[in-house]
There are 2 protein chains.
Amino acid sequence: MARTQGSHSDITGPRIREAALRLFAQHGYAAVSMRQIAKEVGVQAGALYNYTPDKQSLLFSLMSSHMEELQAAWDSVPRAAYAMDRLRAFTGFHIRFHLERPDAVFIAYMELRNLTEENFTVIESLRRVYENGVEGILKEGVEQGVFSIPDTKIATLAVIAMLNGVNTWYRSEGRLSLDEVERVYWGMVQKAVSA
Amino acid sequence: MARTQGSHSDITGPRIREAALRLFAQHGYAAVSMRQIAKEVGVQAGALYNYTPDKQSLLFSLMSSHMEELQAAWDSVPRAAYAMDRLRAFTGFHIRFHLERPDAVFIAYMELRNLTEENFTVIESLRRVYENGVEGILKEGVEQGVFSIPDTKIATLAVIAMLNGVNTWYRSEGRLSLDEVERVYWGMVQKAVSA
DNA sequence: GTCTATACCAAGATAGAC
DNA sequence: GTCTATCTTGGTATAGAC
């Protein structure tokens, strides 16, 4: 049965965001049309413009929400006293947070080039804040003498790149449990930075 | 002065590939039009179809060439006797090869979703061959007792992901020389897998 | 081999009725 | 708030002249 007219502002908004997130991740921002998004949601294309001024704003909104949620979630993790413990906590947090949102993560990395210059600047600064938090852990570990790192900036990026890689291969029905994945990666991270 | 008509098959072909590589990397496959590519090369859009049957074939050709060059280059690196030496050689090779071709690398990772199913299968199998080569080194190191790795498959992907990260931040005019970058990464890779 | 011209289709976005 | 209808632009690909 066809959908009738009427007002659904409370549910249509989130549904547009969910559909856009999934479609952008799957096919890429440029390859997805507003008509496709509308079809997924079950409305006509014109109706989307009650929720976003244009397609670019929709992309930016999805990306900034993701980065802000990431930061807020990490900020809410209890801060351990020793750098080694904090790095272990970070490793587990980062892997789990990212595996729970594969689409948002994918978009946050892949669609940077499709942001306007202004929007790009905003997202990049959010990312830098997150990275600085990680670098802070590494610096403290060096000061505490438990880490040996020639360049904490590079080590930060290397650790994050390594952990992000999990998203490219992990499948929940695969041979490894999340706990095992976390343990394996923590082993490598720990050895890589240890004194 | 406007370009005149005439035959330039020997130079136009490569120029189309170079332009497509750069534009796909910069804006994404879906966001780049055949008209844009033609404009970069200095021909009309219709002329492109003397060199590629369609846009998809152009993308696939760029990606498969890249993967085949990667494999051929690694195969030509002299094979050291000990796993530790081979892993060091791999680390340096991978970083340098990828930094020399940032556009091709970017495309090879980001545009997989824009390949047809058939083309995707081909590219994926080329990638798997390359990864298996790396895993072979890690397995040998474990047998030789110099590496301690709970899961060589994951370690392979982790090492490659870490090294690929260099492309996201390295700039030749930056504060670190290529040799220094290589040394820093080798330090982390070595520690991460060592017994 | 390249050109101009165009067929054909789908994109983003808007207008106005309900 | 959503609909239908449409404007305008730009996409891939092809045809036929030079």
Side-chain angles (χ1 to χ4, degrees), chain A residues 1-24 26-63 107 111 113-116 118-119, chain B residues 1-24 26-63 107 111 113-116 118-119:
Chain A
M1 162 186 151
R3 226 162 159 296
T4 61
Q5 289 191 211
S7 178
H8 303 279
S9 75
D10 48 339
I11 56 167
T12 303
R15 275 165 56 76
I16 289 171
R17 294 173 64 85
E18 286 159 22
L21 192 76
R22 188 160 26 83
L23 289 170
F24 288 166
Q26 194 161 10
H27 306 292
Y29 171 76
V32 173
S33 68
M34 295 298 266
R35 285 177 168 83
Q36 266 179 280
I37 298 171
K39 191 175 179 183
E40 281 274 315
V41 176
V43 298
Q44 293 301 311
L48 298 182
Y49 292 89
N50 289 316
Y51 298 91
T52 179
D54 50 38
K55 195 184 173 191
Q56 166 71 204
S57 302
L58 181 54
L59 174 63
F60 173 70
S61 172
L62 292 172
M63 289 175 74
I107 290 171
E111 301 298 354
R113 62 186 171 188
N114 284 312
L115 290 172
T116 62
E118 287 174 338
N119 288 342
Chain B
M1 162 184 151
R3 228 164 157 291
T4 61
Q5 291 191 208
S7 178
H8 303 278
S9 75
D10 48 341
I11 56 166
T12 302
R15 276 167 53 77
I16 288 171
R17 294 173 64 84
E18 286 159 22
L21 193 75
R22 188 158 27 82
L23 290 170
F24 287 167
Q26 195 160 11
H27 306 291
Y29 171 76
V32 173
S33 69
M34 295 297 265
R35 287 201 237 272
Q36 266 180 280
I37 297 171
K39 192 176 181 184
E40 280 275 312
V41 175
V43 298
Q44 294 301 313
L48 298 182
Y49 292 88
N50 289 316
Y51 297 90
T52 179
D54 51 38
K55 195 184 172 191
Q56 166 72 202
S57 302
L58 181 54
L59 174 64
F60 174 69
S61 172
L62 292 172
M63 288 176 75
I107 291 172
E111 301 297 354
R113 63 187 171 186
N114 283 312
L115 291 172
T116 63
E118 286 174 337
N119 289 342

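The structure displayed is predicted, hence computed values, not measured ones. Each chain gets a letter, A, B and so on, in the order its sequence line appears, and its residues count up from 1. Scope of the values below: all heavy atoms of this structure, side chains included, with no hydrogens, waters or symmetry mates.
- Atom NE2 of B/H27 and atom C1' of D/dG11 are 16 Å apart (whole Å).
- Distance, A/D54 CG to C/dA11 P: 17 Å, rounded to whole Å.
- Taking side-chain N and O atoms only, A/T12 has a distance below 4.0 Å to OP1 or OP2 of D/dT2.
- When the C1' atom of C/dT4 is taken as reference, atom CG of B/L48 falls 15 Å away, rounded to whole Å.
- Here the nucleotide nearest the side chain of B/Y51, chosen from C/dA13, C/dG1, C/dC3, is C/dG1.
- Nucleotide D/dA13 holds its C1' atom 14 Å from the CG atom of B/L58, rounded to whole Å.
- The A/K55 side chain lies nearest to C/dG12 when the options are D/dT12, C/dG12, D/dT2.
- Taking for each of A/Q56 and B/A45 the nucleotide of DNA chain C with the nearest heavy atom, the 5'-most of the two is the partner of B/A45.
- For the pair A/N50 CG and C/dG12 C1', the computed distance is 15 Å after rounding to whole Å.
- The closest donor-acceptor contact from the side chain of B/E40 to the backbone of B/A19 lies at 3.5 Å or more, if one exists at all.
- Here A/Q44 reaches the OP1 or OP2 of D/dT4: one of its side-chain N or O atoms lies under 4.0 Å away.
- A straight line from CD1 of A/I37 to P of C/dA10 spans 17 Å, rounded to a whole angstrom.
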Check step by step if side chain to side chain contact (heavy atoms under 4.5 Å, CB included) holds for A/E118 and A/F60.
-> CA-CA 10 Å; A/E118 287 174 338; A/F60 173 70; over 6 Å; no
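- The nearest whole Å value for the distance from the CG atom in A/L23 to the P atom in C/dA11 is 12 Å.
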From CA spacing to verdict: side chain to side chain contact (heavy atoms under 4.5 Å, CB included), B/R17, B/Y51 = CA-CA 9 Å; B/R17 294 173 64 84; B/Y51 297 90; over 6 Å; no
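- Separating the NZ atom of B/K39 from the C1' atom of C/dC3 is a distance of 17 Å, rounded to the nearest angstrom.
- Comparing D/dC3, C/dA11, C/dA13 by their nearest atom to the side chain of A/Y49 picks out C/dA13.
- Side-chain atoms of A/I37 and A/F24, non-hydrogen and from C-beta on, do get closer than 4.5 Å to each other.
- The backbone N or O of A/N114 lies less than 3.5 Å from a partner atom in the side chain of A/Q56, making a donor-acceptor pair.
- In the interface, the side chain of B/R35 is not paired with the base of D/dG10 through any donor and acceptor atom under 3.5 Å apart.
- The side chain of B/S33 contributes an N or O atom lying less than 4.0 Å from OP1 or OP2 of D/dG11.
- In the set D/dA13, C/dC3, D/dT2, the nucleotide with an atom closest to the side chain of B/V43 is C/dC3.
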